[in-house]
Amino acid sequence: MASYPFKQIESRWQQQWKELELYRVQEHSSLPKFYVLDMFPYPSGAGLHVGHPLGYIASDIVSRYKRLKGFNVLHPMGYDAFGLPAEQYAIQTGQHPSITTNTNIKRFREQLDRMGFCYDWSREVRTCDPAYYRWTQWIFSLLFTHWYDPGKQSARPIADLLTHFQQYGSQNLQAHTSFQGSFTADEWNSYNATEREHILNAFRLAYIDETTVNWCQEMGTVLANEEVINDPKKGPVSERGGFPVERRKMKQWFLRITAYADRLLQGLDGLEWSESIKEIQRNWIGKSTGAELDFHLVEKPGAITVFTTRPDTIFGATFLVLAPEYEQLAELCSDAQRDAVMAYASKAKNRSEIDRMADTEKTGVFTGAMVRHPFTGKQLPVWVSDYVLSGYGTGAIMAVPAHDDRDFEYARVFDLPIVPVIHASEGTITEPLQEAYSAKEGVCFNSDFLNGLQIKEAISKAISEVVSRGIGRSKTNYKLREAGFGRQRYWGEPIPIVFDEKGVPSLVEELPVELPAVERYTPSGSGASPLAAVEHWVNTEHGTRETDTMPGWAGSSWYFLRYTDPHNAEQFASAEALNYWGQVDLYVGGSEHATGHLLYSRFWTKFLYDLGYISWDEPFRRLVNQGMIMGEDGQKMSKRWGNVVNPDDVCEDYGADTLRLYEMFLGPLTDSKPWNTNGIEGVSRFLNKFWRLYMVEDSCVVSNDEPTREELKLLHKTIQKVTSDIESMSFNTSVSAFMVAVNELQAAKCRKRAILEPLLILLAPFAPHITEELWSNLGHHNSVHCAAWPSFNPEYLTENEFNYPVSINGKTRTFISFALDAEESFIRETVCSNPDVMKWVEDKPLKKLIIVKGRIINMVI
RNA sequence: GCCCGGAUGGCGGAAUUGGUAGACGCGCCAGACUCAAAAUCUGGUGAUGGCAACAUCGUGCAGGUUCGAUUCCUGUUCCGGGCACCA
């Protein structure tokens, strides 16, 4: 028997849908909205393999289902089109990256179209399109002209800040800033532009900072920490290409994401995201609460401030440790130790963070400086060691070797005193300690006013004591770093900034700032992007252009907003469109974006919310991370392993509907699983069986006969199962529910319209082509995708009898049927007199009889 | 090292609030149709013992709670992912 004619059917309906603009959506609708989004792809030259569409199929099913349920569904697609591969290709071939990108997009589109997705392509966005990136630049401009007020918990215009400075100087200002000094209003008013900008820069949400960066000479650019990996042989190398990476000081654009750290953390609680992704973000933000304590120097004026989360262990502090980058290191150390200290520090500074972390052997040098313990007045030595990170807290710690593993190890290596001050609630500590007691549970001793307190109480007591004595303050720290925003590359959004002759930056008013044509795409090697060579572009009447471009994540941090109004030339999106579509209701994509894209999008959303452009401050209400599809050999699908399966080939051999169903049938959406070519046959067989329920030869054989109660029961069981499965995104089990239904209908030779027509609608989101064809064969002139989802009637499922499993001591021994409303005494009697049961019971006395209505009967003897 | 997941037949996987473990599919075995094959259809298929009825065992491992545990609790092993000197 030949297969149903999927080839004709699929291409014909795809063509029809396109002509009818079936999937085009409008905002003016009285229907409730639903916004389903896929993470848009980077259009690579390799095209799609069968792993990519997994999430697209899932979101397509939900979109179609929601539409059938009566929602106005926004389901758009676009391209994250700026990126390194197109630029690398340009460097090698001289071809403009936009050409490569367009070719790749065309190929992606063909592949996507072939799978029958219901995207509204009229809303496509491309991040590399000037009409799009002018708004990316516009958001950057807003970040540049705003600062963060932690009191109001909101971003505010720089203008407010200027007013404040003019009137009060730096007094009484609540701001998230890296500015450390203070000035009066008079001083401010006397400052020149350069001096003012130096201060404002410390407040702007988009600002310039000189920091040590990961410089990759080969790629001619700076890399983020997450783009650098540690090669055991070569040391730090780029994730892409494996080129060596070194440390370099460079001026860079940054976004002050840490201003939003607490809101980014709090906001997670209300989101319907997987616990693991939320946990990754929580760890990434890394909030820790504790105290800053001041340790005054013995022989010099001044103090060293340390951050600790364990102020309860203050009486166990036996020395301080400074990071090699500690600013006052040179002034602090004694003359005798200076050479040794500086030699150690410069050696440590040249090692990358990654290198330092890989090596956990404790090293360090005594600085010669002593400080006074703020409570006991005892003198403590100050050391310098690379196990203390300069970027976290104050770059200095108080070492409590008895209760911290790292300090313990250090004290061991340099033979420093170890003083225990906490013991487990049960029992005491035996000295000498074999390892640090770092548990967060126990009782203080040897600790003056903290003695006898539990750790938790001791922490708050210690902080209040520190505050009242003026030797410190309570303090919260975050691991989250500011987000580097400059790349020395060509193929990215230009940063809309010009610098005047004094180096003061200002915004370019007229957007977009378009990428100019360049002769060569190769980085200059001096740290500047290829744009720096385009003199006529760089030099403008207002000043010199910034030649860095934005990182890959800029355009993807707000694209979900643009889809609501993608062709708007006046605004990034109209308030009407934004208000109508609102938050993304369901976002489907890979979990690899946990700390990048997903965090940055949340940041930009909160920022735009603060400015009143949108009325919600979380972009993605529900997030589902699809798993990876591995090759048949269990390895990641890639050219390298030669195990790539192309969706085009599957569509060619089995059809798009089979591909869609099979990907869903493979297992739970969120799991990773291997592709198995054999398995696809089963799904293909199912669709053929399904087809033959309706069709014999070329004619539709569906009848108008009355369905039986059994048939209705099967239908409604399927409605119930498929509906709840789509809601919970358990598509694998709905596919098996369809298989069960078809098997049973085939066995019952049921060809009744009253059953087969609703079944067609149920399957339509999964297999849009075959269902459309059959729907049309049933005589309909509209699309099955515009029908109404069948409603579930529980009456058809009610049973009046149940075949009870009867177990004796928990083991099923026989089955007996009872009416569901049967009296317990009747059941008891019948069960006890049943011959099968009696055989097992013999003459043992019945201890207990458990009857769970509609489930089980259990005898305990 | 720390934090999250997970472990069920030959394979992918199913199992509601604790209530008939193995749905559905693949693979395999047998049969029907056929000159033959493909396709299709029917039956069987967790392990062990038995001609069979049936029995015993069985959800990584060891315990516990319960009339009853894949499901809950404690410990443990392995696998996957994240973080990794963050004080």
Side-chain angles (χ1 to χ4, degrees), chain A residues 1-3 274-284 286-288 290 306-310 313 317 321 353-354 356-362 385-389 391-400 403-407 409-410 438 477-481 591-592 594-595 625 627-628 661-662 665-668 670-686 688-689 692 724 730 732-743 746-747 803-815 847-861:
Chain A
M1 206 175 294
S3 179
S274 76
E275 215 32 61
S276 71
I277 293 272
K278 289 204 228 180
E279 205 51 36
I280 290 171
Q281 289 210 351
R282 283 189 195 110
N283 291 338
W284 191 258
K287 180 177 183 169
S288 53
V306 304
F307 174 69
T308 177
T309 56
R310 293 292 303 276
T313 61
V321 190
E353 247 173 79
I354 294 176
R356 266 159 72 167
M357 280 187 255
D359 181 13
T360 53
E361 288 284 302
K362 294 282 180 292
S385 169
D386 66 1
Y387 87 92
V388 174
L389 304 175
Y392 186 77
T394 60
I397 62 151
M398 66 173 201
V400 184
H403 304 293
D404 181 282
D405 296 319
R406 298 151 300 182
D407 298 344
E409 216 183 298
Y410 196 79
S438 52
N477 266 318
Y478 298 89
K479 280 198 258 182
L480 186 70
R481 293 282 87 97
S591 54
E592 67 272 23
T595 53
N625 303 112
M628 219 185 323
L661 272 179
Y662 183 56
F665 189 57
L666 228 36
T670 52
D671 288 7
S672 285
K673 54 241 156 183
W675 181 263
N676 178 313
T677 308
N678 289 331
I680 200 163
E681 297 281 352
V683 174
S684 172
R685 264 173 223 158
F686 157 74
N688 279 299
K689 276 195 223 174
R692 289 197 302 270
S724 70
S730 318
N732 54 329
T733 50
S734 23
V735 176
S736 66
F738 284 123
M739 288 173 167
V740 171
V742 166
N743 288 344
Q746 184 184 257
N803 194 21
Y804 284 89
V806 179
S807 44
I808 291 149
N809 287 344
K811 286 189 179 157
T812 311
R813 297 302 184 185
T814 190
F815 294 87
K847 282 195 201 140
K848 206 169 168 185
L849 183 71
I850 292 134
I851 300 168
V852 185
K853 209 171 169 184
R855 288 230 190 265
I856 201 169
I857 296 167
N858 189 20
M859 300 180 78
V860 188
I861 55 171

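Naming convention: chains lettered A, B, ... in sequence-line order (proteins, then strands); numbering from 1 in each chain.
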A.B. asks: Looking only at N and O atoms, is any donor in the side chain of A:Asn858 or the base of B:rC67 less than 3.5 Å from an acceptor on the other one?
C.D. replies: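 Indeed there is one.
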
A.B. asks: Under 4.0 Å: is that the gap between some side-chain N or O of A:Tyr387 and OP1 or OP2 of B:rA87?
C.D. replies: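 It does not, given that no N or O in the side chain of A:Tyr387 lies less than 4.0 Å from OP1 or OP2 of B:rA87.
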
A.B. asks: In whole Å, what is the span from the OH atom of A:Tyr478 to the P atom of B:rA87?
C.D. replies: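 To the nearest whole Å, that distance equals 13 Å.
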
A.B. asks: Side-chain N or O of A:Lys673 versus OP1/OP2 of B:rG12: is the shortest distance under 4.0 Å?
C.D. replies: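 It does not, given that no N or O in the side chain of A:Lys673 lies less than 4.0 Å from OP1 or OP2 of B:rG12.
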
A.B. asks: Hunt down any stem RNA chain B takes part in, defined as 3 or more consecutive Watson-Crick or G-U pairs whose two distances are each under 3.5 Å.
C.D. replies: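 Consecutive-pair runs (3 or more) involving RNA chain B: B:1-7 with B:77-83, B:10-12 with B:24-26, B:27-32 with B:40-45, B:46-49 with B:54-57, B:60-64 with B:72-76.
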
A.B. asks: Check every atom of B:rU42, B:rU20, B:rC4 against the side chain of A:Gln746 and return the nucleotide holding the closest atom.
C.D. replies: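 Nearest nucleotide to the side chain: B:rU42.
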
A.B. asks: Rounding to an integer number of angstrom, what distance separates B:rG9 and B:rC26 when you compare their C1' atoms?
C.D. replies: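 To the nearest whole Å, 13 Å.
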
A.B. asks: Indicate, with a heavy-atom threshold strictly under 4.0 Å, whether A:Pro668 touches base, sugar-phosphate, or nothing.
C.D. replies: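 The residue A:Pro668 makes sugar-phosphate contact but no base contact.
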
A.B. asks: Decide whether A:Asn283 and A:Lys479 meet the rule of one side-chain donor and one side-chain acceptor closer than 3.5 Å.
C.D. replies: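 No, no side-chain donor-acceptor contact under 3.5 Å.
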
A.B. asks: Between A:Glu592 (CD) and B:rG80 (C1'), how many Å, whole number?
C.D. replies: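 One finds 15 Å between C1' of B:rG80 and CD of A:Glu592, rounded.
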
A.B. asks: Mind checking the C1' distance from B:rG60 to B:rA7? Whole angstroms is fine.
C.D. replies: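 The same atom, C1', in both gives a distance of 6 Å.
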
A.B. asks: Rounded to whole Å, please give me the gap between CH2 in A:Trp284 and P in B:rC83.
C.D. replies: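 In whole Å, B:rC83 P lies 6 Å from A:Trp284 CH2.
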
A.B. asks: So if I take every side-chain heavy atom of A:Ser736 and compare against B:rU20, B:rA87, B:rC24, which nucleotide ends up nearest?
C.D. replies: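 Of all the options, the side chain of A:Ser736 is nearest to B:rC24.
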
A.B. asks: Parallel under 30°, tilted from 30 to 60°, perpendicular over 60°: which one fits the rings of A:Phe686 and A:Phe738?
C.D. replies: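 Ring orientation of A:Phe686 relative to A:Phe738: tilted.
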
A.B. asks: I'd like the C1' distance from B:rU40 over to B:rC79, given in whole Å.
C.D. replies: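 Their C1' atoms lie roughly 42 Å apart.
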
A.B. asks: Using a 4.0 Å heavy-atom cut-off across all strands, classify A:Glu279 as base, sugar-phosphate, or nothing.
C.D. replies: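 Sugar-phosphate contact only - A:Glu279 comes under 4.0 Å of backbone atoms but never of a base.
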
A.B. asks: Which way is the base of B:rG12 turned, syn or anti, if we draw the line at 90° from 0?
C.D. replies: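 Glycosidic conformation of B:rG12: anti.
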
A.B. asks: Heavy atoms only, 4.0 Å cut-off, all strands: where does A:Val740 land among base, sugar-phosphate and nothing?
C.D. replies: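 Counting heavy atoms under 4.0 Å across all strands, the contact made by A:Val740 is with sugar-phosphate only.
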
A.B. asks: So if I take every side-chain heavy atom of A:Lys848 and compare against B:rC67, B:rG19, B:rA15, which nucleotide ends up nearest?
C.D. replies: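 In terms of side-chain proximity for A:Lys848, the closest of B:rC67, B:rG19, B:rA15 is B:rC67.
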
A.B. asks: I'd like to know whether A:Asp404 forms a side chain to side chain donor-acceptor pair (under 3.5 Å) with A:Ser438, so could you lay out the CA-CA distance, the side-chain angles of the two residues, the decisive distance to 0.1 Å, and finally the verdict.
C.D. replies: CA-CA 5 Å; A:Asp404 181 282; A:Ser438 52; over 6 Å; no

A.B. asks: From the list B:rG19, B:rG13, B:rC24, which nucleotide is the closest neighbour of the side chain of A:Asn732?
C.D. replies: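 Per side-chain heavy atoms of A:Asn732, the pick is B:rG13.
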
A.B. asks: With rounding to the nearest 0.5 Å, note down the distance linking NZ in A:Lys362 to CG in A:Asp386.
C.D. replies: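 The distance works out to 8.5 Å.
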
A.B. asks: Under 4.0 Å between any heavy atoms, over every strand shown, what does A:Ile850 touch: base, sugar-phosphate, or nothing? Just pick one.
C.D. replies: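 Base, at least one base heavy atom under 4.0 Å.
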
A.B. asks: Taking atom OG of A:Ser684 and atom NZ of A:Lys689, what is their separation to the nearest 0.5 Å?
C.D. replies: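 Those atoms lie 11.5 Å apart.
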
A.B. asks: Counting only side-chain heavy atoms from C-beta out, which of B:rA87, B:rA15, B:rC24 sits nearest to A:Phe307?
C.D. replies: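 Of the candidates, B:rA87 comes closest.
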
A.B. asks: A:Thr308 side chain: which of B:rG12, B:rA14, B:rA87 is closest?
C.D. replies: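 Looking only at heavy atoms from C-beta outward on A:Thr308, the closest nucleotide is B:rA87.
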
A.B. asks: When you compare B:rG50 with B:rC35, how far apart are their P atoms, in angstrom units rounded to a whole number?
C.D. replies: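 Here B:rG50 and B:rC35 have their P atoms 42 Å from each other.
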
A.B. asks: Is there side-chain contact between A:Ser274 and A:Asn625, with at least one heavy-atom pair below 4.5 Å?
C.D. replies: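 Of all side-chain heavy-atom pairs linking A:Asn625 with A:Ser274, at least one is under 4.5 Å.
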
A.B. asks: Look at all strands and tell whether A:Ser288 reaches a base, only sugar-phosphate, or nothing, counting heavy atoms closer than 4.0 Å.
C.D. replies: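 Sugar-phosphate, no base atom in range.
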
A.B. asks: Work out how far the C1' atom of B:rU45 is from that of B:rG22, and round it to whole angstrom.
C.D. replies: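 Taking atom C1' in both B:rU45 and B:rG22, they lie 12 Å apart.
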
A.B. asks: Describe the nucleic acid contact of A:Phe815 in one word from base, sugar-phosphate, nothing, applying a heavy-atom distance below 4.0 Å.
C.D. replies: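 Touches a base.
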
A.B. asks: State which of B:rA87, B:rC24, B:rG19 makes the closest approach to the side chain of A:Leu389.
C.D. replies: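 Closest nucleotide among those given: B:rA87.
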
A.B. asks: For B:rG81 and A:Ser672 - does any side-chain N or O of the residue sit under 4.0 Å from the phosphate oxygens OP1/OP2?
C.D. replies: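 A:Ser672 to B:rG81 OP1/OP2: no side-chain N or O under 4.0 Å.
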
A.B. asks: Could you check whether A:Asp405 gets within reach of a base, just the sugar-phosphate, or nothing at all, counting any heavy atom under 4.0 Å?
C.D. replies: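 Counting heavy atoms under 4.0 Å across all strands, no contact is made by A:Asp405.
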
A.B. asks: Atom CE of A:Met628 and atom C1' of B:rC79: how far apart are they, to the nearest Å?
C.D. replies: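 In whole Å, B:rC79 C1' and A:Met628 CE are 15 Å from each other.
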
A.B. asks: To the nearest 0.5 Å, tell me how far A:Arg685 CZ sits from A:Ile680 CD1.
C.D. replies: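 CD1 of A:Ile680 is found 12.0 Å from CZ of A:Arg685.
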
A.B. asks: Look at the rings of A:Tyr662 and A:Trp675 and say which category their plane angle falls in: under 30° parallel, 30 to 60° tilted, over 60° perpendicular.
C.D. replies: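 Geometry flag for A:Trp675 against A:Tyr662: perpendicular rings.
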
A.B. asks: If I take atom CG in residue A:Asp671 and atom P in nucleotide B:rG81, what distance separates them, rounded to the nearest angstrom?
C.D. replies: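 Rounding to the nearest Å, CG of A:Asp671 and P of B:rG81 are 14 Å apart.
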
A.B. asks: Using heavy-atom distances to pick each residue's nearest nucleotide on RNA chain B, tell me which of A:Arg310 and A:Val860 is more 5'.
C.D. replies: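 Nearest-nucleotide comparison on RNA chain B picks A:Val860.
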
A.B. asks: Looking at the base of B:rU20, is there any donor atom on it, or on the side chain of A:Arg813, that sits under 3.5 Å from an acceptor on the other one?
C.D. replies: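 Between B:rU20 and A:Arg813, which were checked side chain against base, a qualifying N/O pair under 3.5 Å is absent.
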
A.B. asks: Want to settle it: does A:Ile857 or A:Arg685 sit nearer the 5' end of RNA chain B, counting the closest nucleotide to each?
C.D. replies: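 This one resolves to A:Ile857.
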
A.B. asks: Return the NZ to OH distance between A:Lys853 and A:Tyr804, rounded to the nearest 0.5 Å.
C.D. replies: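 Answer for the NZ-OH pair, A:Lys853 versus A:Tyr804, is 7.0 Å.
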
A.B. asks: To the nearest Å, how far apart are A:Glu681 CD and B:rC28 P?
C.D. replies: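 Going from CD in A:Glu681 over to P in B:rC28 covers 11 Å.
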
A.B. asks: About how many Å separate CE of A:Met628 and OG of A:Ser591, when rounded to the nearest 0.5 Å?
C.D. replies: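 A:Ser591 atom OG to A:Met628 atom CE measures 7.5 Å (nearest 0.5 Å).
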
A.B. asks: What is the nucleic acid contact for A:Asp407, judged by heavy atoms within less than 4.0 Å: base, sugar-phosphate only, or nothing?
C.D. replies: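 Answer is nothing: A:Asp407 stays at 4.0 Å or more from every strand.
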
A.B. asks: In whole Å, what is the span from the CD1 atom of A:Ile280 to the P atom of B:rC83?
C.D. replies: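 Interatomic distance, CD1 of A:Ile280 to P of B:rC83: 7 Å.
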
A.B. asks: What distance, rounded to whole Å, do you find between the two P atoms, one in B:rG44 and one in B:rA37?
C.D. replies: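 Here B:rG44 and B:rA37 have their P atoms 24 Å from each other.
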
A.B. asks: Quote, to the nearest angstrom, the P distance that separates B:rA15 from B:rC67.
C.D. replies: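 The answer is 28 Å between these two P atoms.
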
A.B. asks: What is the separation between atom CZ on A:Phe686 and atom C1' on B:rU40, rounded to the nearest whole Å?
C.D. replies: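 These atoms are roughly 17 Å apart.
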
A.B. asks: Look at the side chain of A:Arg692 and decide which nucleotide, out of B:rG13, B:rU40, B:rU17, has an atom nearest to it.
C.D. replies: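 Between B:rG13, B:rU40, B:rU17, the one nearest the side chain of A:Arg692 would be B:rU40.
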
A.B. asks: Counting side-chain heavy atoms from CB outward, which of B:rA87, B:rC67, B:rC83 is closest to A:Thr309?
C.D. replies: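 Closest nucleotide to the A:Thr309 side chain: B:rA87.
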
A.B. asks: State whether a side-chain donor-acceptor pair under 3.5 Å links A:Asn688 with A:Ser3.
C.D. replies: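 Yes, side-chain donor-acceptor contact under 3.5 Å.
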
A.B. asks: Using atom C1' of each nucleotide, how far apart are B:rC24 and B:rG19 to the nearest Å?
C.D. replies: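 Rounded to whole Å, the distance is 22 Å.
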
